Each structure stands twice: as structure tokens, then as C-alpha cells.
Amino acid sequence: MNKNEKFVITINRELGSGGRTVGRIVSERLGVPFYDKALIQALTGKYQLSVDEIERMKGRSHSWWADFKRAINIGASINATHQYHLKPTDMPDLLTTDEMFKTEQEVLRGIAADESCVVAGRSGFYVFREHPNHLSILIQASMNYRIDHVARKQQLTADEARKIIEQVDEMRENYVRKYTGTSRYDTRNYDLVLRADGKTADELADIIMQYIKS
């Protein structure tokens, strides 16, 4: 990946691995926007974006995402820390539809066409598989590490945390298989695979930055 040209870094991660935090740190160090599921879904939901609407915007301008950002007055604020904490009641939010998936793909591609960025999740490894300047990363961790992370963050028992992790793992894998035809665990989809155990988010970000430099 050449950081001197327009680029996109995608970070797929296991729940409880801290991958979203790592992505945010990397985006801050590179000085580019950070997009995650909650932000993408908020944009598509609040502004009623659809594939048809995006196509209409494309028809008016090749740089439709830049025009859209100006129209809704988002810019520097998009770089603000966007925290989203998974709770048991959030489980249905992981479900999607064919139309939603297509819309999110169009939004992500519009973003990357306009600016360098870091994207967490959203099957980014697949969406940008043909992007000429794309770095694809997977962040994993042991089950014990993940349970401890989720339990502390969400104030849950270990059993409750494990149950959520197992449910989310299954739902995310089903999602990826349905819409990409591959597994999110297939390391051939990634340029860099990291294990979070024994490392802080900053240390993982250090590894990524070093990889970019090399």
C-alpha cells in the first residue's frame, strides 16, 4: 500500500479483539477518516440512501460522495471518535438485506473514490478486493481474551460474554458467506493477520504502521 496515493485500509476483526479501536488509532495516525458499521448504517438510514438514489447522485456528479458530504455538512466531524458498544439487544442490528448490502457497498466505494480512509468491518476485504491501493487486515484473539474484553466493556459475566461472542461469530460468518461467497476466517482474503493477545491497541497499530512503511 502506498500512503502517498489515495488508499483504503480495511480491518475485519473478531468481536472482543479490539479491532475497531486499532482501526481508529491507525486512522488518526494517518490523518484520514474512520468508518465503521454504526456510522455507515446511520448515514444510509438517516438520509434514506439506496442504490437507486446513489445512482441518481452519480448521474449528476462522478464525485457524488464529496457532493453528498457537503450537502449534509459533514467533514472534520466524520473523524471524531465513534464508539459503538454491542449489547445483547443490538443483536438484530447485525441482520441485513440484499438491498442494504448493495447500498453499503456503493457508499463505501464512493467514500474510497473521494478520499483515503480506514474502514472497520462491512466485509471491506471483499468490497475493495480490486481496489488498486488497498490494505486488508484481520485482527483475531483467543476466546479467553475476547471474553475478558467483552465482559469488562459491557459489564457482563464471562458466560454472558461468551454467549454474545458465539452468536455474533455465527451471524457475521453467515453474513460474509451469503454476500461474498467466502469465509471471513480465510486468511487468503487479507494482507496482514494479527493476534491481539498480549498486545495493546497502540502496539497493534504500531505493527500496522510499520507494515505500511515497509
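These numbers come from the heavy atoms of this one structure, side chains and all, not from hydrogens, waters or symmetry mates. The structure presented is a predicted model; accordingly, all values stated were derived computationally and were not measured. Numbering starts at 1 and runs along the sequence shown.
The minimum heavy-atom distance between S183 and V176, with the atom names listed, is C-CG1, 4.1 Å.
Judged by a 6.0 Å distance limit and a 45° cone about the ring axis, R172 is not positioned over the six-membered ring of Y175.
Screening V127, N12, L108 for a side chain to side chain contact (heavy atoms under 4.5 Å, CB included) with V119, the sole residue that qualifies is L108. Considering L135, N2, N133 as possible partners of F7, the one that fulfils the side chain to side chain contact (heavy atoms under 4.5 Å, CB included) test is N133.
Relative ring orientation between Y145 and H149 is described as parallel, the plane-to-plane angle staying below 30° on a 0-90° scale split at 30° and 60°.
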Any chance you could lay out the salt bridge (charged side-chain N to carboxylate O under 4.0 Å, His left out) test for R146 and E14, step after step, and finish with the verdict?
-> CA-CA 8 Å; R146 298 169 68 195; E14 293 183 310; 3.6 Å; yes
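A salt bridge links R152 with D148: at least one charged nitrogen is closer than 4.0 Å to a carboxylate oxygen.
Note that the CD1 atom of I137 and the CG atom of L204 stand 10.0 Å from one another [nearest 0.5 Å].
Proximity of a side-chain donor or acceptor of K3 to a complementary backbone N or O of L30 within less than 3.5 Å is not detected. In this structure a side-chain-to-backbone donor-acceptor pair under 3.5 Å is present from T200 to E203.
Side-chain polar atoms of S142 and D197 form a donor-acceptor pair below 3.5 angstrom.
Heavy-atom neighbours of K199 NZ from other residues, nucleotides or ligands within 6.0 Å: above the threshold of 12.
M143 places a side-chain heavy atom less than 4.5 Å from the side chain of I165.
In the hydrophobic clustering of ILVMFWY residues, with side-chain heavy atoms under 4.5 Å counting as a link, Y185 and Y190 come out apart.
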Below 3.5 Å, can you tabulate the donor-acceptor pairs from side chains in residues 206-214 to any protein atom, sequence neighbours excluded?
from : atom 1 : to   : atom 2 : distance (Å)
D206 : OD1    : R29  : NH1    : 2.5
D206 : OD1    : R29  : NH2    : 3.1
S214 : OG     : Q210 : O      : 3.3
S214 : OG     : Y211 : O      : 2.9

